[in-house]
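Quick notes on the structure that follows.
Numbering starts at 1 and runs along the sequence shown.
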Amino acid sequence: MATKRGSDLDMEDFIRDNYVNLTNRLDVVSIIPYLIEQRVLRSPDKQRILSKVTQEEKAGELLDTLSYNGKCTVDVFIDVLRKTEQTALLERLQEGPRNKKK
């Protein structure tokens, strides 16, 4: 079965399917300005996310915010990862989730 990509995939499902890779590898600080520019995040979101101590906590807070607010699409998120040159993470995401139960 083919993996859904881009606009065919709901952002919440995309985050859930890739949560471990995203929380471990996402460079949160670099993508926040782009997400604000795309009107996906607001300044209070930025402050809340950056107040977390570890990179994993920041990533988790960002992902929870993106899932909750519903303003980000998978296409926008992937585009922001490209703009911030997060190529290793993009490659992992293209491989798809590992050990996913069916």
(Q) Assess the residue pair Asp13 and Arg16 against the criterion (salt bridge (Lys or Arg N to Asp or Glu O under 4.0 Å)); give the C-alpha distance rounded to whole Å, side-chain angles, the decisive distance to 0.1 Å, and a yes or no. (A) CA-CA 5 Å; Asp13 289 337; Arg16 191 176 304 122; 3.1 Å; yes
Q: Take Ile15 and Asp64 through the test side chain to side chain contact (heavy atoms under 4.5 Å, CB included) and record every step on the way to the result.
A: CA-CA 9 Å; Ile15 289 171; Asp64 291 348; over 6 Å; no
**Q.** Salt bridge present between Arg48 and Asp45 (N-O < 4.0 angstrom)
**A.** yes
State, yes or no, whether a side-chain contact exists between [X] and [Y] at a heavy-atom distance under 4.5 Å.
X: Leu41; Y: Leu62; value: yes
X: Asn24; Y: Glu56; value: yes
X: Val40; Y: Val80; value: no
X: Ile31; Y: Gln86; value: yes

Could you report the tightest heavy-atom contact between [X] and [Y], atom names first, then the distance?
X: Arg82; Y: Leu90; answer: CG-CD1, 3.6 Å
X: Cys72; Y: Asn69; answer: N-OD1, 4.2 Å
X: Asn21; Y: Leu89; answer: O-CD1, 3.8 Å
X: Leu50; Y: Lys58; answer: O-CE, 3.6 Å
X: Val28; Y: Gln55; answer: N-NE2, 3.2 Å

Q. Same cluster for Ile36 and Ile49 if Ile/Leu/Val/Met/Phe/Trp/Tyr side chains link at under 4.5 Å?
A. yes
Supply the atom-to-atom distance [X] [atom1] to [Y] [atom2], rounded to the nearest 0.5 angstrom.
X: Asp27; Y: Leu81; atom1: CG; atom2: CG; value: 9.5 Å
X: Arg92; Y: Asn18; atom1: CZ; atom2: CG; value: 11.0 Å
X: Gln94; Y: Thr87; atom1: CD; atom2: OG1; value: 10.0 Å
X: Phe14; Y: Ile78; atom1: CZ; atom2: CD1; value: 4.0 Å
X: Glu12; Y: Leu63; atom1: CD; atom2: CG; value: 11.5 Å

Q | Within 6.0 angstrom of Glu85 CD, more than 12 heavy atoms from elsewhere | A | no
(Q) Just to verify, which of Thr84, Asp79, Val76 counts as forming a side chain to side chain contact (heavy atoms under 4.5 Å, CB included) with Tyr34? (A) Thr84
Q) Does Arg25 reach the main-chain N or O of Thr23 with its side chain, forming a donor-acceptor pair under 3.5 Å? A) no
(Q) Taking salt bridge (charged side-chain N to carboxylate O under 4.0 Å, His left out) as the definition, give me every residue that meets it alongside Arg42, ordered by chain and number, with sequence neighbours left out. (A) none
